[in-house]
Amino acid sequence: MSHTTQPVFDPNEVIVFSDAMITQMNEVVNNFPQDKEKSALIRILHIAQAAYGWLSVPVMNKIAEFLKIQPIEVYEVATFYTMFHLQPVGKHVFEVCRTGPCMLVGSDQLIQHIEQRLNIKVGETTSDGMFTLKTAECLGGCGYGPLLQCRNTYHEHLTTEKVDALIEQYRNGEIQ
Ligand code: FES
């Protein structure tokens, strides 16, 4: 069984960043000249995503408030980069490159195989909350395709057998 994660959030939710988050965010902002705080946005989005698991509208609005910019400026960046999750995701997020060079060596078939194996479609999360499947544009490892990124690790030269083994390793906790 699978389910599609819906972008559910309470628009009136009051987001309060923890002291630790604020310290981290200020450290990033302080690397930029005054009035150029917006340049810290991508790093701030990473910090917020690490804290909340995904970026809801109230979280993005809070980031806008923190950086003294318009919410739309946060949405524009967060929606452009596939590494930012705009809905809840599973414990492990598989991001499979689908751009030309990877497609030529079988990324389409690999994506289909993962969909069947996990019984979800791209953009969905397994009902046990273990895996989310996403696609990504070129991940910069074109000579190593087909490949997928999970957190900070690239899994390269994938075959259906290798990806089956990978899924089991993540499921069993052999890979964190
Ligand atoms: S095309 Fe897949 S990593 Fe570049």
Practice prompt. Answer yes or no: are there more than 12 heavy-atom neighbours, outside Gln34 itself, under 6.0 Å from its atom CD?
Written response: no
Worksheet item: How far apart are the closest heavy atoms of Ala78 and Leu55, and which atoms are they?
Response: CB-CD1, 4.4 Å
Worksheet item: OH of Tyr81: more than 12 outside heavy atoms within 6.0 angstrom?
Response: no
Practice prompt. Supply the atom-to-atom distance Leu45 CG to Met25 CE, rounded to the nearest 0.5 angstrom.
Written response: 8.5 Å
Item to complete: Kindly compute the distance separating CG (Asn26) from CE (Met21), expressed to the nearest 0.5 Å.
Response: 11.5 Å
Practice prompt. Output yes when Lys38 and Glu73 qualify as a salt bridge under the 4.0 Å nitrogen-oxygen rule, no when they do not.
Written response: yes
Discussion item. Any side-chain to backbone donor/acceptor pair from Glu124 onto Lys121? Under 3.5 Å, distance only.
Written reply: yes
Practice prompt. Verify the cluster assignment for Phe80 and Ile42: are they in a single hydrophobic cluster under the rule of side-chain heavy atoms below 4.5 Å apart?
Written response: yes
Worksheet item: Roughly how far, to the nearest 0.5 Å, is CE of Met60 from CG of Leu86?
Response: 5.5 Å
Discussion item. Taking Arg151's backbone N and O only, do any of them form a donor-acceptor pair with Gln149's side chain (distance below 3.5 Å, no angle check)?
Written reply: yes
Discussion item. Quick check for you: to the nearest 0.5 Å, what is the distance between Leu133 atom CG and Leu118 atom CG?
Written reply: 7.0 Å
Practice prompt. Identify whether the distance between the nearest side-chain nitrogen and carboxylate oxygen of Arg98 and Asp108 falls below 4.0 Å.
Written response: no
Worksheet item: With sequence neighbours left out, what residues match Arg43 under side-chain contact (heavy atoms from CB on, under 4.5 Å)?
Response: Val28, His46, Ile47
Practice prompt. Please answer: with hydrophobic residues joined when any side-chain heavy atoms are less than 4.5 Å apart, are Val96 and Leu104 in the same cluster?
Written response: no
Item to complete: Using the rule that two of Ile, Leu, Val, Met, Phe, Trp, Tyr join whenever any of their side-chain heavy atoms come within less than 4.5 Å, decide whether Tyr52 and Val16 are in one cluster.
Response: no
Worksheet item: Is the shortest distance from a Lys or Arg side-chain nitrogen in Asp128 or Arg171 to a carboxylate oxygen in the other one below 4.0 Å?
Response: yes
Worksheet item: Remaining members of Tyr154's ILVMFWY cluster at a side-chain heavy-atom cut-off under 4.5 Å?
Response: Leu139, Tyr144, Leu147
Worksheet item: Are the side chain of Gln49 and the backbone N or O of Met83 linked by a donor-acceptor pair below 3.5 Å?
Response: yes
Worksheet item: When you look at CG of Asn31, are more than 12 heavy atoms from neighbouring residues, nucleotides or ligands closer to it than 6.0 Å?
Response: yes
Worksheet item: Is there side-chain contact between Ile44 and Phe66, with heavy atoms separated by less than 4.5 Å?
Response: yes
Fill in: Single-linkage hydrophobic cluster, 4.5 Å side-chain cutoff, Phe84 and Ile63 together
yes
Fill in: side-chain contact (heavy atoms from CB on, under 4.5 Å) between Asn119 and Thr126, intermediate numbers included
CA-CA 7 Å; Asn119 198 18; Thr126 54; over 6 Å; no
Worksheet item: Atom CD in Gln169, atom NE2 in His155: separation rounded to 0.5 Å?
Response: 8.0 Å
Worksheet item: So do Glu137 and Thr82 actually touch side chain to side chain, heavy atoms under 4.5 Å?
Response: no
Fill in: His157 versus Lys162, side-chain donor and acceptor atoms under 3.5 Å
no
Discussion item. Let me check something: do Val57 and Leu67 share a hydrophobic cluster, defined by ILVMFWY side-chain heavy atoms less than 4.5 Å apart, either directly or through other members?
Written reply: yes
Item to complete: Take atom CD of Glu13 as the centre, draw a 6.0 Å sphere, and report whether it contains more than 12 heavy atoms from other residues, nucleotides or ligands.
Response: yes
Worksheet item: Are the side chain of Thr99 and the backbone N or O of Cys138 linked by a donor-acceptor pair below 3.5 Å?
Response: yes
Worksheet item: With a 4.5 Å heavy-atom cut-off, do Phe131 and Thr125 have their side chains touching?
Response: no
Practice prompt. Quick one: closest heavy-atom pair of Val163 and Leu158, and the distance?
Written response: CG2-CD1, 4.4 Å
Worksheet entry | Cys150 backbone acceptor or donor facing Glu95 side chain under 3.5 Å | no
Worksheet entry | Gap between atom NE2 of His85 and atom OG of Ser56 - 0.5 Å precision | 13.5 Å
Worksheet entry | Cys102 versus Pro146, closest heavy-atom pair with distance | SG-CA, 4.3 Å
